Amino acid sequence: MKFRNILLLFIPVLLFTACNKFLDVKPKTQIDTDDAFRDEQGFMDALTGVYLKMNENAVYGQELSFGLTEVLSMQHSRFPSTFHEYYYAAQYNYTNAAIRSKIDGIWKGLYNAIANDNSLISHLNTTDQKMFRDVNYSIIRGEAYGLRAFMHFDLLRLFAPAPASAGGLGAKAIPYVDQLTVNALPRLTVQEVINRILADCAVAEAALKTTDPIVPGSTTPATTTGYLRDRSYKFNYFAVKALEARIYLYIGDKEKALAAAEEVINANTFTWVNIPEISSGNKVFPSELIFTLYKSDMDAFTQTYFTPTSNNVLTKTSSDEFLAIYETDADIRYTALTQLENTSTNLRVSTKLAQPTGVSTSFLRRMPIMRISELYYIAAEAVKESNPEQAVTYLNTVRRARNVLADLPTTLTTEQIQEEIFKEYRKDLYCEGQLFFYYKRLNLPTIVYSSVTADNKVYVLPLPDNEVEYGNGN
């Protein structure tokens, strides 16, 4: 892979100084990287810089949350004009210039963030640990390794064939960039990339398991002040376990996927939303978020993408389609997280990411990245053959938390359980970017509301032209 352009842009690393609130930061001027890492604060600032790179609209701030990946899964299905920003994405026209720019932006954006992360990891592994207070060295190192694994996994899920598809684990995939270099790195196979991701997860898990204050029984007490507060804004220990659950399910290792998912579930750290809070402006359910990014400009894109009068509104074809998906108007995801905006056109939009005025700041400016409900879906899929009753119990737990009080029967077949899991991905993870990966992981030939035949031409995004031209091992 050719990284010269990426590294010239982002090394020396842009650092940021923390202010009173966690992500209330101001950029410093570019300075020599060795000087930047001369004290603990420099390492903290560098890690914050990685989170801010991940938060850009080209990646998790838009395209990998409510944007491109949601369009590709037809979570958004209303594109009335070729002038719509995502019209050609909904046609899977990856050669269209505007859509190709988005795809290239994801590749560049994630590898840029990884380059900054690698600079941090390199200095962590060579610095004097005595400069760090308490458990801060282990916390920063664990987050850095976890983030590198997390971003590579999403690159793998986007730009390489799924293990269940033709070529499988032996297919050519992506470079795994775990060093600072301007040289071309080879594209590894899917299996080789998975191995490297899991190795980084192991480092992250070991660093965080006993030190992360989010873990019950941790040696570090939970706090509402200081550097170790607000752990869901950081790639914490349970984010690592949630990532492992995703990975193991992706490669078909259901036993390990279940173990990772149940560790998160059984910790009881992430609690279901208190339904009365929803009417007070709690739309994103922060208590359920394992990992979230602070997004300061959410007001702006809410106006751009979730206002019916916008030319680029992202929604479903009609209010009827919403109700068909949610099945009952008792479901709070339908009644509280969508809104009928125009009765004459029957147009309904999502309000999940809305930023209403006059509500608690704890409900605002959070971009959901990993949510506890997904771990219940992973666990259900992992045991649907061996323990179907338990699988249904996992699904019913989420449904009850969404005010769907009519339980699914425990007599459901394996195929019926899988269908209910699919329905839940569509309902609960709307605007969170995960349904496309569900389709791809199972190599499903059909995407609902799309007329295309889904295969690797749909599921594997094209590599940037310069990667094809200059990459090592293509």
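Fair warning: this is a prediction, and the values are worked out from it, not measured in the lab. Side chains are part of it too, since the values below use all heavy atoms of this structure and drop only hydrogens, waters and symmetry mates. Throughout, numbering of the chain's residues begins at 1 and tracks the sequence.
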Classify the ring geometry of [X] against [Y]: parallel below 30°, tilted from 30° to 60°, perpendicular beyond 60°.
| X | Y | value |
| --- | --- | --- |
| F150 | F235 | tilted |
| Y334 | Y326 | tilted |
| F238 | F270 | perpendicular |

Is the closest side-chain donor-acceptor distance between [X] and [Y] under 3.5 Å?
| X | Y | value |
| --- | --- | --- |
| E40 | Y227 | no |
| D299 | Q303 | no |
| Y145 | E205 | no |
| Y294 | D230 | no |
| Y394 | E262 | yes |

Check: [X] side chain, [Y] main-chain N or O, donor-acceptor pair, under 3.5 Å:
| X | Y | answer |
| --- | --- | --- |
| S77 | Y449 | no |
| N396 | L408 | yes |
| N403 | A330 | yes |
| S65 | Q62 | yes |
| S165 | G168 | no |
| T410 | E389 | no |
| T292 | M367 | yes |
| T211 | A207 | yes |
| N456 | P161 | no |
| T304 | A300 | yes |

R400: which residues meet the salt bridge (Lys or Arg N to Asp or Glu O under 4.0 Å) condition with it, sequence neighbours left out?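 Per chain and number, R400 pairs via salt bridge (Lys or Arg N to Asp or Glu O under 4.0 Å) with D407.
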Closest non-hydrogen atom pair, [X] against [Y]:
| X | Y | result |
| --- | --- | --- |
| A242 | I290 | CB-CD1, 4.2 Å |
| I447 | S73 | CG2-O, 3.7 Å |
| Y94 | V460 | CE1-O, 4.3 Å |
| E85 | Y305 | OE1-OH, 2.8 Å |
| T338 | T351 | N-OG1, 3.7 Å |
| L289 | S232 | O-CB, 3.5 Å |

Check whether any side-chain heavy atom of [X] sits under 4.5 Å from a side-chain heavy atom of [Y], and report yes or no.
| X | Y | answer |
| --- | --- | --- |
| L156 | F159 | no |
| T269 | P216 | yes |
| Y51 | N55 | no |
| T397 | Y376 | yes |
| I194 | Q191 | yes |
| R78 | L347 | yes |
| E277 | F285 | no |
| V404 | I332 | no |

Does a side-chain N-to-carboxylate-O contact under 4.0 Å join [X] and [Y]?
| X | Y | value |
| --- | --- | --- |
| E321 | R348 | no |
| R333 | D428 | yes |
| R371 | E374 | no |
| R366 | E432 | no |
| D297 | K295 | yes |
| R187 | E192 | no |
| K256 | E244 | no |
| R402 | D331 | no |

Pair [X] and [Y], ring centroids less than 6.0 Å apart:
| X | Y | value |
| --- | --- | --- |
| F132 | F43 | yes |
| F306 | F66 | yes |
| Y459 | Y439 | no |
| F153 | Y250 | yes |

Run the side-chain hydrogen bond (donor to acceptor under 3.5 Å, both in side chains) test on E420 and Y377 for me, step by step, so that the C-alpha distance in whole Å, both residues' side-chain angles and the decisive distance to 0.1 Å come before the verdict. CA-CA 9 Å; E420 294 298 332; Y377 305 150; over 6 Å; no
Yes or no on ring pair (Phe, Tyr, Trp, His ring centres under 6.0 Å) for F291 and Y233, after CA distance, side-chain angles and deciding distance? CA-CA 6 Å; F291 178 43; Y233 280 121; 9.1 Å; no
Test salt bridge (Lys or Arg N to Asp or Glu O under 4.0 Å) on R148 and D178; report intermediate values, then the result. CA-CA 8 Å; R148 187 166 72 183; D178 55 3; 5.1 Å; no
Between Q355 and R365, is the side chain to side chain contact (heavy atoms under 4.5 Å, CB included) condition met? List the steps. CA-CA 7 Å; Q355 304 295 295; R365 297 175 180 82; 3.5 Å; yes
Within 45° of the six-membered ring axis of Y430 and under 6.0 Å from that ring's centre, is NZ or CZ of K316 located there?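 Pair K316/Y430 counts as cation-pi.
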Quick one: do V284 and F363 satisfy side chain to side chain contact (heavy atoms under 4.5 Å, CB included)? Show the steps, please. CA-CA 7 Å; V284 78; F363 302 153; 5.8 Å; no
Check the surroundings of atom CD in Q179: do more than 12 heavy atoms from other residues, nucleotides or ligands lie under 6.0 Å from it?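 Yes, because the 6.0 Å sphere around CD of Q179 holds more than 12 heavy atoms from other groups.
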Within a radius of less than 6.0 Å around CG of N274, do more than 12 heavy atoms belonging to other residues, nucleotides or ligands occur?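 Enclosed.
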CA sep, side-chain torsions, deciding dist, call: N195, Y176, side-chain hydrogen bond (donor to acceptor under 3.5 Å, both in side chains): CA-CA 10 Å; N195 292 344; Y176 199 86; over 6 Å; no
CG of L444 to CG of D455: how many Å apart, nearest 0.5 Å?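 Reported to 0.5 Å precision, the distance equals 12.5 Å.
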Quick one, L64 with L110, criterion side chain to side chain contact (heavy atoms under 4.5 Å, CB included). Give me CA distance, side-chain angles, the key distance, then yes/no. CA-CA 11 Å; L64 298 181; L110 287 178; 4.1 Å; yes
So which of E63, E70, H76 actually passes side chain to side chain donor-acceptor pair (under 3.5 Å) with Y86?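 Checked E63, E70, H76 against Y86; only one passes side chain to side chain donor-acceptor pair (under 3.5 Å): E63.
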Side chain to side chain contact (heavy atoms under 4.5 Å, CB included) evaluation trace for V177 with N118: CA-CA 8 Å; V177 184; N118 281 334; 3.6 Å; yes
